[in-house]
Amino acid sequence: MYKRQLYKVIGTFTTTTTDNKNRNQNIRLAVDSINGMVLKPGQEFSFNNATGNRTKEKGYQPAGAYRNGILIEEPGGGVCQVSTTLYHAIIESGFKTTERNSHSFAPSYVEKGQDAMVSFDGYAGPDLKFKNTSGSAVVVRGSLEGRTLKISIVGIPFLEAGETVTIRSEKVRDLAPVAPTYEENPSVPFGTEKVVTQGSTGSVYKSYRVLKKNGTVIKEEPVSY
């Protein structure tokens, strides 16, 4: 009983979803999959293993998602907001990720360079992982209330008193728009061109894990995953 009283929220993060019903359905299913998961000391969490393949058979709906830099409609669109929100909770808890990937285009629900992209075909795909390196079990808690997505890590604090961990990102360079792709279209008059989708300038961001004590930075290291 004494040890249970030591448990508290050691990291939490909140993002705001859109009003897209399909997207929010996908987010809710993913949150339900990870809510209540317990990680024993030394155990590794895998987002893809926790949610499984995000298919329409499981109730996932078509919604906007990026694939190879292109916005498409596919079952599970929006799930990356769950992994991104969890990513920040992981960092704020004091843990480090063992795998984290970023989108080719920055999403709007978090600062640029601070997202965590996931994708899964039932066998493999970019994942979000972290290992419980503390000496006690931790629990993942998640909820979607209206458009408020909140994910927390509950455990026994292992950071020293006054220590906090956050993410900082900065732009490294701009990227030129991708080269145009030409497709023949019989409905367009001969000798003319029609722009279907205008290319946009991209950017490359670098993220840092910032450890502070009583508000003073004592360590800063690149997020390499």
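If you're wondering where the values come from, they're calculated on a predicted model, not measured in any experiment. Values below: all heavy atoms of this structure, side chains included; hydrogens, waters and symmetry mates excluded.
In this structure, CD1 in Ile151 is found 7.5 Å from OG1 in Thr15, a value given to the nearest 0.5 Å. To the nearest 0.5 Å, atoms NZ (Lys219) and CD (Glu163) are separated by 10.5 Å. Here the CG-CG distance, from Leu144 to Asn26, works out to 11.0 Å after rounding to the nearest 0.5 Å. Here the straight-line distance linking atom CZ of Phe47 with atom OG1 of Thr84 works out to 9.0 Å at 0.5 Å rounding. In this structure, CZ in Arg23 is found 13.5 Å from OH in Tyr60, a value given to the nearest 0.5 Å. We find the CG-CZ distance between Leu86 and Phe45 to be 5.0 Å, quoted to the nearest 0.5 Å.
Between Arg168 and Val217, the closest side-chain pair of non-hydrogen atoms is not below 4.5 Å. Counting only heavy atoms from C-beta outward, the side chains of Tyr208 and Glu170 approach each other to under 4.5 Å. Ile218 places none of its side-chain heavy atoms less than 4.5 Å from the side chain of Lys212. When side chains are defined from C-beta on, Thr14 does not count as touching Thr85, because their heavy atoms never get closer than 4.5 Å. Val138 is not listed as a side-chain neighbour of Met37, based on a closest heavy-atom distance of 4.5 Å or more. By the 4.5 Å heavy-atom criterion applied to side chains, Pro222 and Lys206 are counted as neighbours. Side-chain contact between Leu159 and Val165 is present, with heavy atoms from C-beta onward closer than 4.5 Å.
Tracing side-chain contacts under 4.5 Å through hydrophobic residues (I, L, V, M, F, W, Y), one never reaches Ile27 starting from Tyr109; they form parts of separate clusters.
The backbone N or O of Ser102 sits nowhere less than 3.5 Å from a side-chain atom of Asp115 that would complete a donor-acceptor pair. With Ser33 contributing its side chain and Leu29 its backbone, the two residues share a donor-acceptor pair below 3.5 Å. Looking at Asp121, its side chain never comes within 3.5 Å of a backbone N or O of Asn53 through a donor-acceptor pair. In this structure, Asn48 contributes its side chain and Ser119 its backbone to a donor-acceptor pair below 3.5 Å. Of the possible donor and acceptor atoms, none in the side chain of Lys8 sits under 3.5 Å from a partner among the backbone N and O of Pro157. Between the side chain of Ser46 and the backbone N or O of Asn49, at least one donor-acceptor pair lies under 3.5 Å. Asn132 places no side-chain N or O within 3.5 Å of a backbone atom of Gly42 that could act as its donor or acceptor partner.
We find that Lys213 and Glu160 are joined by a salt bridge, their nearest charged nitrogen and carboxylate oxygen being less than 4.0 Å apart. Using a 4.0 Å cut-off between a side-chain N of Lys or Arg and a carboxylate O of Asp or Glu, Glu92 and Arg209 do not qualify as a salt bridge.
Using a 30° and 60° split on the angle between ring planes, Phe158 and Phe95 fall in the tilted class, from 30° to 60°.
Between the side chains of Glu44 and Thr98, at least one donor-acceptor pair of N or O atoms lies under 3.5 Å.
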Practice task
Decide yes or no on side chain to side chain contact (heavy atoms under 4.5 Å, CB included) for Thr16 and Leu149, but give the supporting numbers first.
Solution key: CA-CA 6 Å; Thr16 302; Leu149 171 62; over 6 Å; no

Practice task
Could you give me the CA-CA distance, side-chain angles and deciding distance for Gln114 and Ser207, then say whether side chain to side chain donor-acceptor pair (under 3.5 Å) is met?
Solution key: CA-CA 7 Å; Gln114 299 183 13; Ser207 300; 5.9 Å; no

Exercise for the section: Take Asn35 and Arg141 through the side chain to side chain contact (heavy atoms under 4.5 Å, CB included) test and state the conclusion after the steps. Expected result: CA-CA 5 Å; Asn35 181 41; Arg141 292 294 186 189; 3.6 Å; yes

Practice task
Check step by step if side chain to side chain contact (heavy atoms under 4.5 Å, CB included) holds for Lys129 and Ile90.
Solution key: CA-CA 10 Å; Lys129 298 179 180 180; Ile90 292 168; over 6 Å; no

Exercise for the section: Test side chain to side chain contact (heavy atoms under 4.5 Å, CB included) on Leu211 and Glu220 and set out the steps. Expected result: CA-CA 6 Å; Leu211 174 64; Glu220 188 172 292; over 6 Å; no

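Remark: Thr12 engages Ser152 in a side chain to side chain donor-acceptor pair (under 3.5 Å) (not counting sequence neighbours).
The shortest non-hydrogen separation linking Tyr205 to Gly113 is CB-CA, 3.7 Å.
The 12-atom threshold is not exceeded at CD of Glu111, counting heavy atoms of other residues, nucleotides or ligands nearer than 6.0 Å.
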